[in-house]
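Numbers restart at 1 for each chain; the letters A, B, ... are given by sequence-line order, proteins then strands.
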Protein chains: 2
Amino acid sequence: MNPYNAIKSAIIIGEYEPGKRLTEEALAESLQVSRTPIRDAIKQLESDGLIIPFKRRGYIVKEFSIEDIRQIYNLRALLESHGAGEAALNRTKEELQFMHEKNTAYEQAISKLKRSDISTIKNIQQANQEFHEEIFKATKNEHLRSHISKVVVVPLIFRSFYWYNERQLLRSLEVHKTILKAIENREPERAKIAMQEHIYQGRDDVLVQMANPKIELWKGEV
Amino acid sequence: MNPYNAIKSAIIIGEYEPGKRLTEEALAESLQVSRTPIRDAIKQLESDGLIIPFKRRGYIVKEFSIEDIRQIYNLRALLESHGAGEAALNRTKEELQFMHEKNTAYEQAISKLKRSDISTIKNIQQANQEFHEEIFKATKNEHLRSHISKVVVVPLIFRSFYWYNERQLLRSLEVHKTILKAIENREPERAKIAMQEHIYQGRDDVLVQMANPKIELWKGEV
DNA sequence: TTTTAATTTATTGTATACAATAAAAAATAT
DNA sequence: ATATTTTTTATTGTATACAATAAATTAAAA
């Protein structure tokens with residue numbers, strides 16, 4: 001795994017907790033490479049909004065406020081709902097088939113849920129992400145796609161899956177099916193609204209958990 | 001000027017034309033710095049979508065197709081119109097005042113138009129950009145702001161000002177005033193739609209010029 | 001002559017030493 | 001005790017040499 005993915009991964013699973021301070025040298029030592037590739041990774045992570053410079057004394061892992069969550073999820077809602085509408089207009093039969101396959105994979109990942117097992121949750125998050133990405137591929141809009149990927153802050157989504165219970169996961173699966181049906185039927189407005197609602201639901205789940213933390217984020221060895 | 005802005009600037013004014021090949025070493029030589037800061041700049045420019053890697057043999061300045069223009073401007077329309085709506089809801093009296101000032105500066109920059117004079121056109125583009133940015137500041141939505149800035153591909157906008165005649169510039173000034181009025185009156189829907197129309201107008205002007213190039217991009221020494 | 005393999009070359013990737021500098025700590029003055 | 005200046009230190013910024021490697025070129029084989 002390259003330095004970028006290694007650090008990102010550690011942030012996603014919470015090994016590097018929000019607020020933790022990172023320096024080039026310490027990261028280089030920990031990943032057994034020189035500072036040069038670490039600097040490349042850091043620049044990318046900064047542009048991703050996952051770390052922020054800390055007064056010329058390294059970086060800290062970004063802590064997301066309630067307002068950050070609102071803003072990020074509202075942006076996602078705007079862009080991803082637009083994407084779903086475009087997908088409903090432009091999808092081919094083959095692409096629809098791929099979406100079905102990705103959603104089936106998501107269903108299977110959910111069925112293997114073991115709470116607090118990092119790798120199970122990673123699988124669920126990954127399957128979910130691939131389903132969403134399949135939709136945006138079908139828009140044939142490369143710029144929209146790449147911008148959506150910049151708005152999607154993976155650590156936030158990972159955390160929401162970490163907190164989700166089975167009921168919540170099954171509900172999200174049902175909404176995926178609604179979105180799929182709308183795309184299948186070439187109903188852009190319905191696909192758009194279903195996707196918007198899906199993202200808002202995710203946003204509110206995160207906000208509720210933040211206001212009233214029932215489950216701590218995992219801590220300890222990888 | 002740092003390497004990032006130096007290279008970006010050269011791309012914007014067309015000194016580095018679309019398709020031109022760039023290598024780290026040549027840029028380092030030309031800007032009289034080592035490859036290290038050039039590499040940082042290149043990474044940023046790549047993420048901006050202004051250059052693309054060319055089979056491990058340097059980079060080339062991005063050539064924008066008609067489809068690219070459509071996708072980028074449509075994205076801008078989506079995000080900036082949303083931003084204008086939010087600004088109409090959230091702007092303070094002071095922020096409204098700033099917007100007026102920026103638009104006055106835009107009006108003055110236009111009044112000094114001399115076609116084909118790079119620095120005049122740079123001023124117009126800069127003033128226009130500052131007006132738009134003032135609107136997005138008023139949203140108090142830092143994430144929206146930063147994403148809009150990623151969608152705004154400055155070379156495209158610069159080129160459109162390069163091609164614009166006085167009539168087109170005055171029309172764009174009038175639309176700015178419409179947007180301002182809607183923000184002043186706290187009419188989010190109208191601000192949104194006016195901004196959307198403004199961006200689509202810009203898009204179509206660029207598409208028309210691309211289909212039927214009346215004015216060549218500037219070439220020669222800086 | 002065309003395909004395949006070997007060699008060379010252009011270019012990015014990485015390590016490392018040193019320079020610049022902002023922040024922190026210590027010393028001095030008020 | 002507080003404010004100001006000086007010194008030290010932690011950390012990023014930059015230059016440069018060398019390594020890795022994909023692409024281009026040349027040579028060899030079919």
Side-chain angles (χ1 to χ4, degrees), chain A residues 1-12 14-64 142 146 149-150 153 155 222, chain B residues 1-12 14-64 142 146 149-150 153 155 222:
Chain A
M1 197 153 42
N2 63 27
Y4 171 73
N5 284 117
I7 300 168
K8 186 168 173 180
S9 208
I11 293 173
I12 288 171
E15 187 193 348
Y16 294 162
E17 293 172 64
K20 181 182 168 70
R21 187 150 155 265
L22 304 174
T23 65
E24 294 181 4
E25 200 139 0
L27 288 168
E29 164 67 15
S30 133
L31 298 177
Q32 289 294 297
V33 290
S34 82
R35 273 178 56 215
T36 310
I38 295 290
R39 297 196 58 192
D40 289 350
I42 277 182
K43 283 274 154 59
Q44 257 186 282
L45 291 162
E46 194 188 341
S47 146
D48 290 350
L50 296 184
I51 63 178
I52 50 186
F54 177 66
K55 46 178 184 170
R56 226 215 148 122
R57 232 106 244 267
Y59 295 79
I60 55 173
V61 176
K62 166 91 180 167
E63 313 187 63
F64 292 98
E142 200 40 57
S146 86
S149 80
K150 285 176 187 160
V153 179
V222 190
Chain B
M1 196 154 44
N2 63 28
Y4 171 72
N5 284 117
I7 301 168
K8 187 169 172 179
S9 211
I11 293 173
I12 288 171
E15 188 192 348
Y16 294 164
E17 293 172 63
K20 181 182 167 67
R21 186 148 156 264
L22 305 174
T23 66
E24 294 181 4
E25 201 138 0
L27 289 168
E29 164 68 15
S30 135
L31 299 177
Q32 289 294 294
V33 291
S34 81
R35 274 179 55 215
T36 310
I38 296 291
R39 297 196 63 205
D40 288 351
I42 277 183
K43 284 275 153 60
Q44 257 186 282
L45 292 162
E46 193 188 342
S47 147
D48 291 349
L50 295 184
I51 62 177
I52 49 185
F54 177 67
K55 45 178 185 167
R56 220 206 156 132
R57 221 116 210 144
Y59 295 80
I60 54 172
V61 177
K62 166 91 181 170
E63 313 188 61
F64 293 97
E142 200 40 57
S146 86
S149 79
K150 286 177 188 161
V153 179
V222 190

inquiry  = How many whole angstroms separate atom OH of B:Tyr59 from atom C1' of C:dG13?
reply    = 10 Å

key: Closest contact, heavy atoms only, B:Ile38 versus B:Glu24   = CG2-O, 3.8 Å

task = Let me know the distance between CD of B:Glu46 and P of C:dT11, rounded to the nearest Å.
result = 17 Å

task = Check every strand shown and say whether A:Thr36 touches a base, only sugar-phosphate, or nothing at a heavy-atom separation below 4.0 Å.
result = base

Rounded distance in Å - CD1 (A:Ile60) to P (D:dT11) = 14 Å

ask   = Rounding to a whole Å, what distance do you find between A:Leu45:CG and D:dT12:P?
value = 14 Å

task = Calculate the interatomic distance between A:Arg35 atom CZ and D:dT14 atom C1'; express it in whole Å.
result = 10 Å

message = Tell me whether the count of non-hydrogen atoms from other residues, nucleotides or ligands lying under 6.0 Å of CD in A:Glu25 goes above 12.
response = no

ask   = Ignoring hydrogens and geometry, is there a side-chain-to-backbone donor-acceptor pair from B:Arg21 to B:Arg57 under 3.5 Å?
value = yes

query = Does the D:dT12 base have a donor-acceptor partner in the side chain of A:Arg56 within less than 3.5 Å?
reply = yes

request  = Please tell me which of B:Arg21 and A:Asp40 maps to the more 5' nucleotide of DNA chain C, matching each residue to the nucleotide holding its nearest heavy atom.
outcome  = B:Arg21

remark   = Taking C:dT12, C:dA15, C:dA23 as options, the one with an atom nearest any side-chain atom of A:Pro37 is C:dA15

task = Would you please confirm or rule out a distance under 4.0 Å between OP1 or OP2 of D:dG13 and any side-chain N or O of A:Arg39?
result = yes

request  = Mind calculating the distance between CG (A:Leu31) and P (C:dA15) to the nearest angstrom?
outcome  = 11 Å

request  = Report yes if at least one side-chain N or O of B:Lys55 is closer than 4.0 Å to OP1 or OP2 of C:dT12; otherwise report no.
outcome  = no

Minimum heavy-atom distance between A:Leu31 and A:Pro3, given as atom pair plus value = CD1-CA, 4.0 Å

ask   = For B:Glu29, does the CD atom have more than 12 heavy-atom neighbours from other residues, nucleotides or ligands under 6.0 Å away?
value = no

ask   = Looking only at side-chain N and O atoms, does A:Ser34 come under 4.0 Å of OP1 or OP2 in C:dA15?
value = yes

task = Could you state the atom-to-atom distance from CD of B:Glu24 to P of D:dT21 in whole Å?
result = 16 Å

message = Rounded to whole Å, please give me the gap between OH in A:Tyr4 and C1' in C:dG13.
response = 19 Å

